[in-house]
Structures are given as C-alpha cells and as structure tokens.
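The structure appears below as structure tokens.
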There are 2 protein chains.
Amino acid sequence: MAMPVGRTRIQERNRATILDAALEVFSQFGFRGATLDLIADSAGLSKPNLLYYFASKEAIYTELLGTLMTTWLDPLRALDDIGDPRAEILDYVHRKLQMSREFPRESRLFANEILQGAPRIEAALAGELKDLVDEKAELIRGWIAKGKIADLDPYHLIFSIWALTQHYADFDVQVRAVLGGADPFPGADAYLELMFTRLLERQ
Amino acid sequence: MAMPVGRTRIQERNRATILDAALEVFSQFGFRGATLDLIADSAGLSKPNLLYYFASKEAIYTELLGTLMTTWLDPLRALDDIGDPRAEILDYVHRKLQMSREFPRESRLFANEILQGAPRIEAALAGELKDLVDEKAELIRGWIAKGKIADLDPYHLIFSIWALTQHYADFDVQVRAVLGGADPFPGADAYLELMFTRLLERQ
DNA sequence: TCTTGATTTGACCATCTGGTCAAAGCAACG
DNA sequence: CGTTGCTTTGACCAGATGGTCAAATCAAGA
C-alpha cells in the first residue's frame with residue numbers, strides 16, 4: 001500500500017518524524033545494525049505504523065540517503081568562479097565545517113554507508129558525485145593555471161577538505177575525549193582557516 | 001570454558017583465523033551489524049567452534065579492539081625529539097598513510113567503533129589515548145616555542161593528520177569512485193607531503 | 001449523527017541471531 | 001590397541017527482527 005504522492009499534514013508530519021528517528025538510529029548503527037524497533041521507539045510510533053508510511057526498512061534508508069546526498073553536496077555545488085578563488089575555497093571549508101557541527105548525524109550516516117562499502121549508493125558515487133567533483137576539479141585547475149592559487153592536485157584538495165571537516169562530525173566522541181570535553185569547533189575553524197590559507201598561497 | 005593461557009599450535013592458528021575473519025566482518029558492519037554466522041563463514045569454521053575459542057561475540061570484538069589499539073597508536077608513539085621536528089612530523093604522516101594502505105580494515109574497525117559512540121573504548125580514549133596525545137602535544141608545543149615549526153594548535157595538528165590519512169582507508173570506496181578506480185595512494189602521499197611541508201614552515 | 005477513508009495497533013509469523021550442549025571425531029601417548 | 005583430552009559439530013533454544021493482517025480507532029464531511 002504505497003503512500004499517495006499528495007500528502008496530508010499528518011502524513012507529512014509522521015514521515016518527517018520517522019525519517020528523523022531513522023537518521024538517529026542508522027547514523028549510529030549503520031543499515032545492518034539498525035532495527036525497526038529502535039527506530040519506532042525513537043519516533044514514538046509503533047512498528048506497524050512505521051511500515052504504514054514506508055514499505056520497508058530498506059525504503060526508509062534509501063529515502064534518507066537520497067534526500068541527504070543532495071543537501072550534503074550543496075556546499076560543493078556552491079563553489080564557483082564568481083569571487084576570489086582563495087576566498088571561495090576557504091568559504092567552502094567553513095561551510096563544510098559548519099555542516100559537521102550542525103548536521104553530524106547526516107555526516108555519520110554517509111560515513112557508515114561508505115564504510116560498509118557503499119552498497120546502496122555506489123552508483124551515485126560513480127555518477128552524480130564523480131561528475132560534480134570532476135567539474136569542480138576542472139574549475140580549480142583553471143585557477144591554478146591562471147596562477148590564482150598554489151599548484152595542488154585538485155582531487156586530493158577536495159578529499160582533504162572532506163576529510164578534515166567531516167572528521168569533526170564522524171569522530172566527535174574521540175575528538176572530545178582527547179580535548180577533555182571542550183567544544184572542538186572554534187579551534188577547528190581557526191586551524192583549518194590557517195591551514196588552507198597557507199596551503200593555497202602561491203609560493 | 002576459558003581458553004588456557006598456554007596455547008597449542010592449533011589454538012594459535014584458529015584464534016588467529018577467527019580474529020582475521022572477525023576483523024573483516026566487524027570492520028564492515030560494526031559490532032551490531034556483524035553476526036557470528038558471517039564471521040564463522042568467513043573463517044571457514046562452524047559457529048559453535050568459534051565459541052569454543054572465544055566466550056562470546058563481544059569477547060572477539062573487545063580482543064580485536066584491544067590488540068589493535070596498541071598497534072594503531074605505535075606511529076604516534078614513535079614521534080619523538082630525536083630528529084628534525086619537521087621531518088619527524090612528516091614521517092608520522094607518511095607512516096600513518098602507509099598504515100591506511102596496509103591495514104584499511106583496522107582503520108575501518110576503529111572508525112565504526114567511534115561512529116557508534118565508542119561504547120567499548122570510551123575509557124581508553126579518555127585515558128590511554130588522551131595521555132599519549134597530551135604528551136605529544138606538549139612535545140610539539142616545545143618545537144613551536146623554539147621556533148622549529150610554525151605556530152599551530154598541536155591538538156588540531158594531530159587531528160588533521162588522523163583525518164587526512166585515515167580518510168584514504170575509511171572512505172576508500174568513495175575516493176576510488178571519484179578517481180575512476182585509480183590507486184589514490186601515490187597522489188595522496190605527494191599531496192600530504194606538500195600540504196604539511198607548507199603548513200609547518202615558519203612564515 | 002452517520003459514513004467513509006485515513007490511521008493505528010495487537011497479535012502473529014518466518015527467519016535470524018547469540019549461545020548451549022551432548023555426542024562424535026581425532027591426535028597422541030602408553 | 002585403548003585411553004585420554006583436545007577439537008569439532010548437529011541439534012537445539014530463547015529472544016530478536018523484518019514484516020503482515022485484520023480489526024479497531026479516529027477525523028471530517030454529508
């Protein structure tokens with residue numbers, strides 16, 4: 001019994017509640033480790049009620065992944081040729097770190113999916129994601145050619161931004177344990193600003 | 001029926017086989033997502049046979065984590081005041097990247113554990129790990145005070161090394177998808193060398 | 001109020017999962 | 001060969017898990 005496309009307020013609200021609860025659980029335990037009971041409890045709904053709104057556990061998961069993939073790549077999409085190249089890249093770093101702070105569960109959901117071998121988004125990685133990165137790598141290459149930024153491998157530059165910013169969401173527990181519980185983000189923001197400023201300078 | 005401390009060759013071999021299979025499965029699915037049946041299949045042993053060598057699923061997992069924690073921190077332990085500070089740190093980066101290439105499963109196991117909130121190693125993070133990092137941060141602060149390397153937050157410097165190097169193990173599928181399947185490591189090694197060289201230079 | 005369609009749930013099911021156990025297999029030594 | 005102790009396994013169990021279904025509840029318009 002598939003949900004009709006036109007949704008009532010109740011449907012809208014309950015689907016949102018379920019997706020939020022599912023994000024909570026899937027981001028912590030991954031697809032296999034998550035259970036419908038955990039999601040149902042977290043959503044405050046009964047298990048059969050979950051399955052009234054979504055066809056299966058898998059359906060909830062893929063809906064989440066699909067929706068988030070778009071949002072998650074928005075900061076990279078916003079990287080363009082309009083402003084100063086170095087400021088553009090630094091802005092991207094800051095936006096990405098901001099997302100780690102505001103949406104750590106989304107970051108962890110992706111991390112979990114990739115760790116498990118990305119069985120459900122491998123196609124999107126090799127398609128949508130690769131295309132976007134290829135395009136932005138070309139943009140960066142142009143900046144390098146014009147001498148606007150230092151000569152760096154654009155792909156690894158992008159990877160390094162992902163790695164550094166997402167680390168603060170995905171490894172939050174570890175970072176806080178080492179820092180004795182202090183908020184890592186102000187320090188991280190300053191450090192990354194400095195790091196990429198120096199890196200991008202022409203020598 | 002606990003295993004005796006003195007082990008026969010068969011016990012040694014089977015325990016090793018089981019731990020290897022468990023590493024394979026736990027690193028992909030996390031503790032909750034992994035099953036004894038998967039581990040048993042991967043090890044080529046029967047499930048009751050696994051439980052002849054280890055008391056429980058949990059026992060296998062914690063044994064793995066404990067053993068690996070030590071190995072995993074060895075490169076950081078090796079960071080000392082003997083050579084040139086910049087070379088020391090660059091060495092650490094290279095060693096850590098090397099580990100990502102050689103032991104990606106170990107890296108993913110830790111990533112999975114941390115993602116799940118580190119329920120089984122939180123104590124080690126706040127104890128052993130924090131102590132080690134505090135010690136090395138102090139060492140780095142000394143180098144900064146003596147003007148040997150640029151002025152950087154030592155904690156975030158260490159986090160950035162972890163983030164950048166482990167990314168190539170934990171997000172291997174994504175990195176390869178974006179690169180169209182090419183081996184990321186040579187490029188990563190060169191990029192990280194450049195990145196940290198520039199970062200550590202006194203300005 | 002009555003009716004209709006959307007929503008919710010208790011009871012249930014087949015399969016999976018961690019774990020047990022008694023019995024069988026096997027290696028080695030006397 | 002027979003005994004002894006380590007090793008392996010088939011059968012089994014209780015609880016968890018994804019999912020179904022018919023019946024009950026509820027909201028809102030006629």
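Lettering of chains follows the sequences in order, A, B, ..., and the numbering in each one begins at 1.
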Assign a letter to each nucleotide of nucleotides 20-30 of chain D from its 5' end: B, base within under 4.0 Å of a protein heavy atom; S, sugar-phosphate only; -, no contact.
BB---------

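- At the phosphate of D:dT8, OP1 or OP2 sits under 4.0 Å from a side-chain N or O atom of B:Asn14.
- Residue pairs meeting the ring-ring contact (aromatic ring centres under 6.0 Å, His included) criterion with at least one member in residues 29-50 of chain B, sequence neighbours excluded, are B:Phe26-B:Phe31, B:Phe31-B:Tyr61.
- Among C:dT9, D:dT7, D:dT9, the nucleotide with an atom closest to any side-chain atom of B:Tyr52 is D:dT7.
- A heavy atom lying under 4.0 Å from DNA chain C marks the following residues of residues 28-35 of chain B, by number: B:Ala34, B:Thr35.
- For the salt bridge (charged side-chain N to carboxylate O under 4.0 Å, His left out) test, no residue two or more places apart in sequence or in another chain qualifies with A:Glu106.
- Judged as a ring-ring contact (aromatic ring centres under 6.0 Å, His included), and not counting sequence neighbours, B:Trp143 has no contacts.
- With D:dT9, D:dC6, C:dG19 as the candidates, the nucleotide lying closest to the side chain of B:Gln11 is D:dC6.
- No salt bridge links B:Glu201 with A:Arg198; every basic N to acidic carboxylate O contact stays at or beyond 4.0 Å.
- Remark: B:Asp172 engages B:Arg176 in a salt bridge (charged side-chain N to carboxylate O under 4.0 Å, His left out) (not counting sequence neighbours).
- Considering only the side chain of B:Leu36, C:dG19 comes nearest among C:dG19, C:dT8, C:dT7.
- Sequence neighbours left out, the pairs with a member in residues 164-189 of chain B that pass ring-ring contact (aromatic ring centres under 6.0 Å, His included) are A:His156-B:Tyr168, B:His167-B:Phe171.
- Applying the salt bridge (charged side-chain N to carboxylate O under 4.0 Å, His left out) test to B:Asp151 and every residue at least two apart in sequence or in another chain returns nothing.
- Judged as a salt bridge (charged side-chain N to carboxylate O under 4.0 Å, His left out), and not counting sequence neighbours, the contacts of A:Asp74 are A:Arg77.
- Here the nucleotide nearest the side chain of B:Asp37, chosen from C:dT17, C:dT8, D:dT8, is C:dT17.
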